[in-house]
Amino acid sequence: MWTTLYVVPVLFALLLYKLFVVPRSLAHIPRVSVIAQLKSYIAGESEDQRIKRLILPFANENGHPIVLGWIFGIWIVHVMDYKIGQAALKDRAWVRQLPPQDLMLWKFVGQANVAFTIGDVWRRHSRIVIKALSGSPPFADFSLMAHKLFSVLGSGTKTVKWDELSQQVTLDILGTTVLGHDFEAIKNPDSPFARGYRHVMHALTEPPYVFLPFLDKYFPRRDVEQEAQNLRKIFSQIIEYKRTHLADDLISHMISNPEFSDSELLDNVVVLFVAGHDTTSGGLASVVYYLARNPDCQAKARQEVLSVLTDGKDPTMDTVTRLPYVFACIKEAMRMNNPSNGTLPRSAAVPTQLGSYAIPPNTLMMFNISAVHHLESEFKDHDRFDPERFMVAADDNTPVAFFGLGLRQCPARNFAMWELRTVTALLLKEYEWYLPKASPHEHRVHNAFSFSTNLNLPLDLDIVFTKRQ
């Protein structure tokens, strides 16, 4: 009995030591307060605000290119220097690490896909997906869905929940272009598919499961599991239909490639749909938000659109490429509130260097996109929306990473940008918009809590649209 009384406190103390005390091998790296991070997670602070408040000052105020962060007992190096991150993400010694195996995520998207495979298997998946995406952008589909959006926005003045509507638009665009199937989420946002998709995606970031992923193993959420399987079944049925009805869409191109097994094809379709939906809808929500907050920029972008789209026809690649200021507005909005806060963690099995810092083997590292996009040394007045940053001739040298860097950049990044450019141009042509009075987003964007997905998705964003005469 007395032995137990001594052993239990000792074991508890060792557990606390392991959870909260930085390993000696990492003690030389500047680090964020564990207590401050713990309070942030418990309070449900959005990822972008936690980065700006706790991580970014190490770069902007102290000039540190990396900083050590803490996530419930896990230590991870945040890279905040563009060149250091670029070099690391091109170095094959740094291998992508998978999220915890108990996450609900796996039951939905699977693991045999371009997002979560590694090595030669990933290179095979990547080659097939990139080839499938190599065709001409589907401008007609982008425009068609924009016009369906206009039927919701109406012919007068209307206040809409833009964060939800942008998700519905993107859901339909991806349905038609990836699957060759229109989910009609714009017309019917409460359809079984749209409702089920929202349910599962919300569950992926639901506390406490997101902090303690093993809970899904011991206290399973049967309703979420069933909904995830229902969605996978819908994707699978669409795949089977497309096998005998091939068309000019992503899934048809992947079906035409015999290198994918049935399970690989399904996992890739699901993960491309999920990744494309949340990042693009977040980007579209942010673009409209920043143009609402900056009416002078909105007016300038609209004037450019009206000077190019003069024949009443929908955008084409030629006309879209003649809208540099619109493109600059999109890029500046994504710099300010990038859809993804950072890359998935990586680790190296051998000792490495990140700048002047020696990194021991098996250390987790992530490239912190949000921090890089807000470096004062690269973007003066980094919290100010200024599309002119991207109107300079040396645009390619601007240190931004909208879709990651290195070997594993998003394979659909060009597709996503063409979609954003087309829909934004048509919105500018047809509507003017602004924030309603007393908007919670008046001074800064407020994103949803997204610990597990690491995304910036504006939350409860109302926008007032007025049809142009």
Please determine whether a side-chain nitrogen of the Lys or Arg among [X] and [Y] lies less than 4.0 Å from a carboxylate oxygen of the Asp or Glu.
{"X": "K161", "Y": "D460", "value": "no"}
{"X": "D262", "Y": "R243", "value": "yes"}
{"X": "E430", "Y": "R468", "value": "no"}
{"X": "R293", "Y": "E442", "value": "no"}
{"X": "R195", "Y": "E227", "value": "no"}
{"X": "K83", "Y": "D81", "value": "no"}
{"X": "D182", "Y": "K187", "value": "no"}

Pair F142 + F415: ring centers closer than 6.0 Å:
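Close enough - the centres of the two rings lie under 6.0 Å apart.
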Residues two or more places apart in sequence or in another chain: which of them pass side chain to side chain contact (heavy atoms under 4.5 Å, CB included) with R127?
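Applying side chain to side chain contact (heavy atoms under 4.5 Å, CB included) to R127 gives R124, E259.
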If you measure only the distance, is there a donor-acceptor pair under 3.5 Å linking the side chains of [X] and [Y]?
{"X": "S286", "Y": "N337", "value": "yes"}
{"X": "T316", "Y": "D318", "value": "no"}
{"X": "S281", "Y": "Q167", "value": "no"}
{"X": "H147", "Y": "D314", "value": "yes"}
{"X": "N341", "Y": "S370", "value": "yes"}
{"X": "N113", "Y": "H125", "value": "no"}
{"X": "Q226", "Y": "R222", "value": "no"}
{"X": "T466", "Y": "T157", "value": "yes"}
{"X": "D248", "Y": "H253", "value": "yes"}

Please examine the side chains of [Y] and [X], heavy atoms only from C-beta on, and report whether any two atoms are closer than 4.5 Å.
{"X": "L407", "Y": "R92", "value": "yes"}
{"X": "L179", "Y": "F235", "value": "yes"}
{"X": "D223", "Y": "H199", "value": "yes"}
{"X": "L204", "Y": "M104", "value": "yes"}
{"X": "H446", "Y": "S46", "value": "no"}
{"X": "L426", "Y": "S143", "value": "yes"}
{"X": "L427", "Y": "L149", "value": "yes"}
{"X": "Y41", "Y": "R50", "value": "yes"}

Keeping the roles fixed (side chain from [X], backbone from [Y]), state whether a donor-acceptor pair exists under 3.5 Å.
{"X": "E304", "Y": "V326", "result": "yes"}
{"X": "R346", "Y": "V95", "result": "no"}
{"X": "K158", "Y": "V152", "result": "yes"}
{"X": "T319", "Y": "L309", "result": "no"}
{"X": "S439", "Y": "L435", "result": "no"}
{"X": "Q97", "Y": "L364", "result": "no"}
{"X": "R335", "Y": "P387", "result": "no"}
{"X": "D381", "Y": "E376", "result": "no"}
{"X": "R421", "Y": "F327", "result": "no"}
{"X": "D172", "Y": "I186", "result": "yes"}

Could you tell me which non-hydrogen atom of [X] sits nearest to which non-hydrogen atom of [Y], and how far apart they are?
{"X": "M334", "Y": "P339", "answer": "CE-CD, 3.8 Å"}
{"X": "P458", "Y": "D163", "answer": "O-CB, 3.2 Å"}
{"X": "V400", "Y": "Y82", "answer": "O-CE1, 3.4 Å"}
{"X": "P399", "Y": "F379", "answer": "O-CZ, 3.8 Å"}
{"X": "M417", "Y": "K331", "answer": "CE-CG, 4.2 Å"}
{"X": "I463", "Y": "A292", "answer": "CD1-CB, 4.1 Å"}

Given W162, which of F465, Y431, Y434 fulfils the ring-ring contact (aromatic ring centres under 6.0 Å, His included) condition?
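The passing option is F465.
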Ring-plane angle category for [X] and [Y], please: parallel below 30°, perpendicular beyond 60°, tilted otherwise.
{"X": "H245", "Y": "Y241", "result": "parallel"}
{"X": "F390", "Y": "F402", "result": "tilted"}
{"X": "Y197", "Y": "F108", "result": "perpendicular"}

Positive for side chain to side chain contact (heavy atoms under 4.5 Å, CB included) with D141, one of T422, T177, I173, D249:
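When side chain to side chain contact (heavy atoms under 4.5 Å, CB included) is applied between D141 and each of T422, T177, I173, D249, only T177 qualifies.
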Single hit among N268, V270, V200, L272 for side chain to side chain contact (heavy atoms under 4.5 Å, CB included) with V109
V270
Value for CD (Q237) from CD1 (I239), rounded to nearest 0.5 Å, stands at 10.5 Å
Return the CG to CG distance between L291 and D296, rounded to the nearest 0.5 Å.
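Nearest 0.5 Å value for the CG-CG distance: 11.5 Å.
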For F116 and W122, run ring-ring contact (aromatic ring centres under 6.0 Å, His included): C-alpha distance rounded to whole Å, both residues' side-chain angles, the deciding distance at 0.1 Å, then the answer.
CA-CA 8 Å; F116 297 118; W122 168 76; over 10 Å; no
Just checking L246: does its CG atom have more than 12 heavy atoms from other residues, nucleotides or ligands closer to it than 6.0 angstrom?
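Check passes, neighbour count above 12.
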Is the number of heavy atoms from other residues, nucleotides or ligands under 6.0 Å of K233 NZ greater than 12?
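No.
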Evaluate side chain to side chain contact (heavy atoms under 4.5 Å, CB included) for N368 paired with V79, printing each intermediate quantity in order.
CA-CA 6 Å; N368 196 310; V79 176; over 6 Å; no
Test ring-ring contact (aromatic ring centres under 6.0 Å, His included) applied to H181 and F183, step by step
CA-CA 6 Å; H181 181 87; F183 290 110; 4.9 Å; yes
Set of side-chain hydrogen bond (donor to acceptor under 3.5 Å, both in side chains) partners for S155, sequence neighbours left out
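Listed in chain order: nothing, the list is empty.
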